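None of these values were measured; they are calculated from a predicted model.
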Amino acid sequence: MAETTVAAVMDELAGLEDPKARAINERHGDDHGVNLSKLRSVAKRLKTQQELAQQLWGTGDTAARLLALLICRPKAFERDELDAMLREARTPKVHDWLVNYVVKKNSHAEELRVAWTADADPVVASAGWALTTERVAKKPEGLDLSELLDVIEAEMKDAPDRLQWAMNHCLAQIGIDHAQYRARAIDIGERLRVLQDYPTPPNCTSPFAPVWISEMVRRRIEK
């Protein structure tokens, strides 16, 4: 029954394949052609099914893995399972959804944050920094924010793209949420110039940390 269900789901995903969506996704490093709104509709219909989610993940197919992350039970995974999944999640969207939809809700998140941040693989390390950014925003107690800024200042400029992006987000979050470190965060951003020229659509906030920090602080003051 489970194999039939997996086959049926894979057939449905194949039917949702859109060459135009694939072309757009591939420009961002994602090798699938399923519209994410349609994927979420499939997940809503399937509801939570942990066994099916694990089997869909096992197919290695990107669209199937994204669906798996939507229908899984985040707290059901063991630490080593999540570590292995992250190392297999080489496309950006699967990586991001795994961290944000699953790992952040799992009891092993803090242990993985520490381990991943120190990992030699920059993609794995970027997941550690994403979890650190979550703590900066929601549970900063116990974090040494000054030390985090030291590391960002020393390493962000020359970091690989995805790790650099994650470190930059952490830099901005520190500046946004912690007034005592705001000036230093802005200064680091201004000196390193990371993402200063990143193309930003109209009505969107630039990821350049000094602009990002200033804009988010302004919005909070105006509320």
Side-chain angles (χ1 to χ4, degrees), residues 24-25 27-30 35-37 39-40 43-44 66 69-70 74 92-106 109-110 112-114 116-117 122-123 125-223:
I24 293 171
N25 290 330
R27 290 202 291 270
H28 300 285
D30 292 307
N35 177 280
L36 295 182
S37 294
L39 192 75
R40 291 181 187 278
K44 186 175 182 180
L66 290 172
L69 296 172
L70 293 174
K93 187 64 69 176
V94 172
H95 180 277
D96 290 344
W97 281 20
L98 175 60
V99 173
N100 287 296
Y101 296 170
V102 180
V103 179
K104 286 182 179 179
K105 300 175 183 177
N106 186 277
E110 178 60 16
L112 289 168
R113 180 190 75 82
V114 174
W116 287 345
T117 303
V123 176
S126 73
W129 279 93
L131 294 172
T132 299
T133 300
E134 176 85 352
R135 276 205 57 190
V136 167
K138 296 183 177 179
K139 193 179 179 182
E141 297 78 18
L143 286 179
D144 188 333
L145 299 182
S146 181
E147 182 179 351
L148 286 175
L149 291 174
D150 288 344
V151 175
I152 292 168
E153 186 172 19
E155 299 179 11
M156 183 174 72
K157 180 75 171 179
D158 298 318
D161 286 351
R162 287 173 62 185
L163 177 55
Q164 184 184 72
W165 186 275
M167 294 176 82
N168 183 72
H169 190 178
C170 189
L171 173 66
Q173 204 69 51
I174 291 172
I176 292 165
D177 289 332
H178 302 278
Q180 66 272 40
Y181 295 103
R182 188 168 298 149
R184 186 182 174 201
I186 291 173
D187 178 66
I188 290 171
E190 287 176 341
R191 284 187 289 103
L192 299 186
R193 298 293 177 185
V194 168
L195 299 176
Q196 181 182 18
D197 299 320
Y198 189 84
T200 305
N203 301 318
C204 291
T205 303
S206 169
F208 180 45
V211 174
W212 190 354
I213 293 167
S214 299
E215 175 62 17
M216 296 308 295
V217 171
R218 181 190 67 78
R219 292 181 190 179
R220 290 184 180 182
I221 291 173
E222 289 182 353
K223 281 186 177 180

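- Only one option out of L163, V151, L195, L192 pairs with M156 in a side-chain contact (heavy atoms from CB on, under 4.5 Å); it is L192.
- Remark: side-chain polar atoms of N100 are paired, donor with acceptor, to backbone N or O of D96 under 3.5 angstrom.
- At a threshold of 4.5 Å between non-hydrogen side-chain atoms, the residues D177 and P140 do not count as touching.
- One N or O on the side chain of R193 and one on the backbone of E190 form a donor-acceptor pair closer than 3.5 Å.
- Scanning both residues, P199 and P201, for their nearest heavy atoms gives O-CD, 3.9 Å.
- Proximity of a side-chain donor or acceptor of H178 to a complementary backbone N or O of V136 within less than 3.5 Å is detected.
- For the pair E141 and R135, the salt-bridge criterion is not met [side-chain N within less than 4.0 Å of a carboxylate O].
- Counting heavy atoms from C-beta on, the side chains of R162 and P92 come closer than 4.5 Å.
- One distance of note links CG of L148 with CD of E153; it measures 12.5 Å at 0.5 Å rounding.
- By the neighbour-count criterion of 12 heavy atoms within 6.0 Å, atom OH of Y198 is sparsely surrounded, having that number or fewer from other residues, nucleotides or ligands.
- With rounding to the nearest 0.5 angstrom, the CG atom of L69 is 8.0 Å from the CH2 atom of W97.
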**Item:** Test log, rule side-chain contact (heavy atoms from CB on, under 4.5 Å), inputs I24 and R27
**Value:** CA-CA 5 Å; I24 293 171; R27 290 202 291 270; 3.6 Å; yes

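- Note that CD1 of I152 and CD of E155 are 9.5 Å apart. Values are rounded to the nearest 0.5 Å.
- Here the closest heavy-atom approach between residue S146 and residue R184 is recorded as O-NH1, 3.3 Å.
- Note that the CG atom of L39 and the CG atom of N35 stand 8.5 Å from one another [nearest 0.5 Å].
- In this structure, T117 and A125 approach most closely via the heavy-atom pair O-CB, 4.0 Å.
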**Message:** Please evaluate residues V217 and W212 with respect to the criterion side-chain contact (heavy atoms from CB on, under 4.5 Å), reporting the C-alpha separation (whole Å), side-chain torsions for both, the decisive distance (0.1 Å), and the verdict.
**Reply:** CA-CA 9 Å; V217 171; W212 190 354; over 6 Å; no

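- Within a 6.0 Å radius of CD in E147, other residues, nucleotides and ligands contribute 12 heavy atoms or fewer.
- The shortest side-chain heavy-atom distance between K157 and R191 does not fall under the 4.5 Å cut-off.
- The shortest side-chain heavy-atom distance between I188 and Y181 does not fall under the 4.5 Å cut-off.
- Residue G189 comes nearest to F208 through the heavy atom pair O-CE1, 3.4 Å, listed as atom of the first residue, atom of the second, then distance.
- By the 4.5 Å heavy-atom criterion applied to side chains, R182 and I174 are not counted as neighbours.
- Of the possible polar contacts, one joining the N106 side chain to the P74 backbone as a donor-acceptor pair under 3.5 Å is found.
- Few gaps surround CG on D150; more than 12 heavy atoms of other groups in view lie less than 6.0 Å from it.
- Side-chain contact between S206 and T200 is present, with heavy atoms from C-beta onward closer than 4.5 Å.
- When every heavy atom of A185 is checked against every heavy atom of G175, the shortest pair comes out as CB-CA, 3.8 Å.
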**Request:** Please step through side chain to side chain donor-acceptor pair (under 3.5 Å) for the pair R219 and T205, ending with a clear verdict.
**Result:** CA-CA 11 Å; R219 292 181 190 179; T205 303; 2.9 Å; yes

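- Taking CD1 of I186 as the start and CD1 of I213 as the end, the distance is 5.0 Å to the nearest 0.5 Å.
- Separating the CG atom in N168 from the CG atom in D161 is a distance of 12.0 Å, to the nearest 0.5 Å.
- Residues R113 and W129 form no side-chain contact, since every pair of their non-hydrogen atoms from C-beta on lies 4.5 Å or further apart.
- The minimum heavy-atom distance linking K104 with A130 is given by the pair CE-O, 4.4 Å.
- Using a 4.5 Å heavy-atom threshold, the side chains of H169 and P207 count as separate.
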